[in-house]
Colleague: 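Please find one structure pasted underneath; my questions will follow.
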Amino acid sequence: MIIKSSTSLRNDYNSISKLAHEKEKPVYITKNGEGDLVLMSIDAFEKREAIIDLKEKLLVAEEQRLNGDKTTSLDSAHQRIKERIDEKL
């Protein structure tokens with residue numbers, strides 16, 4: 001965990017920004033010794049959001065499977081995707 005004070009953020013923004021980009025991890029900002037904010041690069045944020053979105057979709061699909069909804073085998077899905085690609089070419 002990377003922790004920096006709000007004073008550091010105010011006085012040395014560039015180094016904290018560089019740290020967040022290089023480490024690709026959130027930087028926790030404290031105010032008066034208490035947690036206040038979390039700072040992260042846009043790239044790291046977008047990757048995190050994409051992972052969360054994918055996990056949510058996988059959870060929905062798993063719930064549907066457990067509820068008995070119709071499923072498709074991996075081979076069948078792969079074949080359908082290949083056919084659609086071939087149609088576009």
Side-chain angles (χ1 to χ4, degrees):
M1 184 180 307
I2 304 168
I3 302 172
K4 296 289 182 182
S5 69
S6 59
T7 303
S8 297
L9 180 62
R10 183 174 50 249
N11 295 335
D12 199 10
Y13 173 84
N14 290 334
S15 70
I16 293 176
S17 174
K18 183 179 177 183
L19 181 65
H21 284 278
E22 288 175 353
K23 299 293 183 179
E24 294 187 350
K25 292 186 175 190
V27 178
Y28 295 84
I29 306 297
T30 63
K31 183 176 180 180
N32 299 324
E34 299 289 327
D36 186 45
L37 299 171
V38 176
L39 174 78
M40 61 193 320
S41 71
I42 290 174
D43 288 340
F45 176 77
E46 289 175 348
K47 286 177 188 176
R48 182 180 178 95
E49 289 296 303
I51 289 169
I52 290 169
D53 186 49
L54 177 59
K55 286 182 178 182
E56 182 180 353
K57 289 176 182 177
L58 289 171
L59 181 59
V60 168
E62 180 64 5
E63 287 174 350
Q64 290 172 340
R65 185 189 68 80
L66 292 172
N67 288 332
D69 289 2
K70 184 179 174 185
T71 61
T72 301
S73 72
L74 184 59
D75 289 337
S76 175
H78 184 264
Q79 183 60 35
R80 285 190 354 217
I81 292 169
K82 186 178 181 314
E83 289 170 1
R84 286 189 181 178
I85 291 171
D86 291 342
E87 288 173 2
K88 300 290 182 191
L89 299 177

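No hydrogens, no waters, no symmetry mates; every other heavy atom, side chains included, goes into these values.
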Colleague: To the nearest 0.5 Å, what is the distance between CG (L58) and CG (L54)?
Modeller: 4.5 Å
Colleague: Would you give the length of the straight line joining atom CD1 of I16 to atom CG of N11, rounded to the nearest 0.5 angstrom?
Modeller: 9.0 Å
Colleague: Applying side-chain hydrogen bond (donor to acceptor under 3.5 Å, both in side chains) as the test, list every pair that has at least one member in residues 59-70; sequence neighbours left out.
Modeller: E62-R65
Colleague: To the nearest 0.5 Å, how far apart are CD1 in I29 and CG in L39?
Modeller: 5.5 Å
Colleague: For atom CG of N32, is the number of surrounding heavy atoms from other residues, nucleotides or ligands below 6.0 Å larger than 12?
Modeller: no
Colleague: Tell me, with the steps shown, if K82 and D86 meet side chain to side chain contact (heavy atoms under 4.5 Å, CB included).
Modeller: CA-CA 6 Å; K82 186 178 181 314; D86 291 342; 3.3 Å; yes
Colleague: Which atoms form the tightest heavy-atom contact between A20 and V27, and what is the distance?
Modeller: CB-CG2, 3.9 Å
Colleague: Could you list the residues that satisfy salt bridge (charged side-chain N to carboxylate O under 4.0 Å, His left out) with K88, not counting sequence neighbours?
Modeller: none
Colleague: Which ILVMFWY residues are connected to Y28, directly or by a chain of links, through side-chain heavy atoms under 4.5 Å apart?
Modeller: M1, I3, V38
Colleague: Please identify each residue that fulfils salt bridge (charged side-chain N to carboxylate O under 4.0 Å, His left out) with K23, with sequence neighbours left out.
Modeller: none
Colleague: Strictly by side-chain hydrogen bond (donor to acceptor under 3.5 Å, both in side chains), give each pair with a member in residues 33-59 just once, sequence neighbours left out.
Modeller: D53-K57
Colleague: Please check if L19 and M40 belong to a single hydrophobic cluster, counting links between Ile, Leu, Val, Met, Phe, Trp and Tyr side chain heavy atoms closer than 4.5 Å.
Modeller: no
Colleague: Does any part of the side chain of K4, heavy atoms only, come nearer than 4.5 Å to the side chain of D12, both counted from C-beta?
Modeller: no
Colleague: State yes or no: do F45 and L37 share one hydrophobic cluster built from I, L, V, M, F, W and Y residues joined by side-chain heavy-atom distances below 4.5 Å, directly or via other members?
Modeller: no
Colleague: Please answer whether the main-chain N or O of G33 pairs with a side-chain N or O of T30 as donor and acceptor at a distance below 3.5 Å.
Modeller: no
Colleague: Can you tell me how far NE2 of H78 sits from CG of L74, rounded to the nearest 0.5 angstrom?
Modeller: 8.0 Å
Colleague: Give, for atom OG of S17 and atom NE2 of H21, the distance between the pair rounded to the nearest 0.5 Å.
Modeller: 4.0 Å
Colleague: Which other residues belong to the hydrophobic cluster containing I42, where Ile, Leu, Val, Met, Phe, Trp and Tyr are joined when side-chain heavy atoms lie under 4.5 Å apart, directly or via other members?
Modeller: none
